[in-house]
2 protein chains.
Amino acid sequence: MNTYTDLLRLHNLKATPQRVEITYALDTYGHLSIENLYEMLRNKFSSISLATIYKNINIMIENAFIQEVKIPHAKSVYELTKATHSHLVCEECKKVEDITLDLQNLSVTASQYSHFQINSANLVFSGICQECQK
Amino acid sequence: MNTYTDLLRLHNLKATPQRVEITYALDTYGHLSIENLYEMLRNKFSSISLATIYKNINIMIENAFIQEVKIPHAKSVYELTKATHSHLVCEECKKVEDITLDLQNLSVTASQYSHFQINSANLVFSGICQECQK
DNA sequence: CTCTGTGCAAAGCGTTTGCAAACGA
DNA sequence: TCGTTTGCAAACGCTTTGCACAGAG
């Protein structure tokens with residue numbers, strides 16, 4: 001019984017080979033677009049359909065198994081649901097990285113100014129990664 | 001000579017009545033979706049085409065006159081380009097508000113951890129606005 | 001007067017849906 | 001076995017494009 005199979009079942013998702021592969025790809029590469037996933041899965045399942053990717057992404061989002069990350073000036077990527085964190089996007093190579101920052105104080109300040117009851121904060125930094133700075 | 005006409009020309013955009021109206025709507029309502037804009041402009045120009053809205057939004061973005069705001073779990077809205085700021089979205093009534101916060105310290109921290117050269121930070125809070133809390 | 005913008009219709013593209021066959025539990 | 005998932009094809013909805021006419025400068 002493999003880890004991805006268990007992980008899928010924990011989220012009430014049947015462990016089909018296609019789903020295990022999507023999970024593996026997201027776990028390994030961190031952040032992938034629909035197109036990325038389609039290309040990767042085609043290597044393993046030559047006749048896989050884009051519809052299968054979409055159906056699975058949608059049901060995985062519904063079951064809180066994965067999350068969509070909206071990126072300024074670029075298409076969305078998807079990631080396995082983990083502890084709350086922020087993102088960094090390289091404007092050069094388009095790589096997306098996670099970063100854990102404490103946004104508590106900021107949220108409190110925002111709440112005080114706006115009188116919103118704040119439930120979540122979505123933060124994406126854009127810049128140039130270390131490799132692309134060279 | 002009206003203000004919106006001047007503002008458009010400052011950004012190298014010809015001041016057509018349609019563009020003046022888009023500018024007026026964004027200035028007045030702050031954040032509008034394509035659909036919002038289409039509905040509003042139809043009141044003034046009954047035969048306006050969606051293509052005109054799209055063409056103008058795109059050229060206005062290219063000329064840095066307006067900006068797209070990507071919102072988690074919702075469609076994008078557009079706003080006039082102003083000083084850098086963050087956003088609050090009400091999960092109930094979907095209203096979008098601006099908030100100016102100092103993200104300098106956070107950006108420096110993120111840069112130190114990630115070794116990214118950070119150029120901008122995009123922050124969207126989700127929550128419940130004051131009116132919807134009642 | 002010249003060049004750009006508008007409105008319309010058609011095309012394009014990413015995403016969703018319906019269905020029969022295959023598959024997981 | 002039963003209900004769910006897959007792959008295919010068609011449908012859908014949002015966005016873009018091409019073109020002729022209208023309008024801004």
Side-chain angles (χ1 to χ4, degrees), chain A residues 1-25 32-63 65-71 73-78, chain B residues 1-25 32-63 65-71 73-78:
Chain A
M1 174 90 47
N2 89 44
T3 313
Y4 297 132
T5 300
D6 296 344
L7 207 55
L8 283 161
R9 292 193 182 139
L10 271 177
H11 288 83
N12 301 308
L13 294 162
K14 276 197 184 179
T16 66
Q18 291 87 342
R19 287 181 182 169
V20 170
E21 192 65 17
I22 289 174
T23 309
Y24 162 79
L32 298 171
S33 66
I34 295 289
E35 197 185 323
N36 292 155
L37 281 167
Y38 184 51
E39 291 307 318
M40 295 183 126
L41 282 253
R42 281 221 291 181
N43 292 330
K44 199 139 188 174
F45 309 97
S46 54
S47 68
I48 197 171
S49 160
L50 252 179
T52 299
I53 305 284
Y54 280 110
K55 284 171 186 167
N56 281 321
I57 289 297
N58 288 336
I59 198 176
M60 285 172 164
I61 289 175
E62 282 164 29
N63 291 36
F65 183 67
I66 65 172
Q67 284 180 292
E68 179 178 359
V69 183
K70 288 196 179 186
I71 296 174
H73 317 115
K75 62 184 79 167
S76 290
V77 294
Y78 300 85
Chain B
M1 173 93 44
N2 88 47
T3 313
Y4 297 132
T5 299
D6 296 343
L7 207 56
L8 283 161
R9 292 195 183 137
L10 271 178
H11 289 82
N12 301 309
L13 295 162
K14 277 197 183 180
T16 65
Q18 291 86 341
R19 287 180 183 171
V20 170
E21 192 64 17
I22 289 174
T23 308
Y24 162 77
L32 298 171
S33 66
I34 294 288
E35 198 183 323
N36 293 155
L37 281 166
Y38 184 51
E39 292 307 318
M40 296 184 125
L41 283 252
R42 282 219 291 180
N43 291 330
K44 199 140 190 173
F45 310 96
S46 54
S47 67
I48 196 170
S49 160
L50 252 179
T52 300
I53 306 283
Y54 279 110
K55 283 170 186 168
N56 281 321
I57 288 298
N58 288 335
I59 198 177
M60 286 173 164
I61 289 175
E62 281 163 29
N63 291 37
F65 182 67
I66 66 172
Q67 285 181 292
E68 179 178 0
V69 183
K70 288 196 179 187
I71 297 174
H73 317 116
K75 63 183 79 168
S76 290
V77 293
Y78 300 85

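We name chains A, B, ... by the order of the sequence lines, and we start the count at 1 in each one.
- When each of Asn12(B) and Ser47(B) is assigned the nucleotide of DNA chain C with its nearest heavy atom, Asn12(B) is the one assigned upstream, toward the 5' end.
- In this structure, Asn58(A) atom CG and dT5(D) atom P are separated by 13 Å, rounded to whole Å.
- Side chain to side chain, Gln18(B) and Thr52(B) fail the donor-acceptor criterion of an N or O pair below 3.5 Å.
- Counted by atom type alone, Thr3(A) and Asp6(A) present zero donor-acceptor pairs between their side chains at under 3.5 Å.
- For the pair Arg9(B) and dG25(D), the criterion of a side-chain N or O lying under 4.0 Å from OP1 or OP2 is met.
- Side-chain nitrogen and oxygen atoms of Gln18(A) include at least one within less than 4.0 Å of the OP1 or OP2 phosphate oxygen of dG7(D).
- Taken to the nearest 0.5 Å, the CD atom of Glu21(A) stands 8.5 Å off from the CG atom of Asn43(A).
- Atom CZ in Arg19(B) sits roughly 14 Å away from atom C1' in dG7(C) (whole-Å rounding).
- Rounded to whole angstrom, the span from the CE atom of Met60(B) across to the P atom of dG5(C) amounts to 11 Å.
- In terms of phosphate contacts, Thr16(B) brings a side-chain nitrogen or oxygen within less than 4.0 Å of OP1 or OP2 of dT6(C).
- When rounded to the nearest whole Å, the span between NZ of Lys55(A) and C1' of dA22(C) equals 13 Å.
- Residue whose closest nucleotide on DNA chain C sits further toward the 5' end, between Lys75(A) and Lys14(A): Lys75(A).
- Atom CD of Glu39(A) has more than 12 neighbouring heavy atoms from other residues, nucleotides or ligands inside a 6.0 Å radius.
- When the P atom of dT5(D) is taken as reference, atom CD1 of Ile53(A) falls 15 Å away, rounded to whole Å.
- DNA chain D is contacted by both Leu13(B) and Ala51(B); Ala51(B) maps to the nucleotide lying nearer its 5′ end (nearest heavy atom per residue).
- As rounded to whole Å, 12 Å separates atom P of dG14(C) from atom OH of Tyr38(A).
- When rounded to the nearest whole Å, the span between CG of Asn56(A) and P of dT4(D) equals 15 Å.
- The side chain of Pro17(A) has dG24(C) as its nearest neighbour among dC3(C), dG7(D), dG24(C).
- Tyr24(B) OH: 12 or fewer foreign heavy atoms inside a 6.0 Å radius.
- Rounded to whole Å, atom C1' of dT16(D) lies 14 Å from atom CD1 of Ile57(B).
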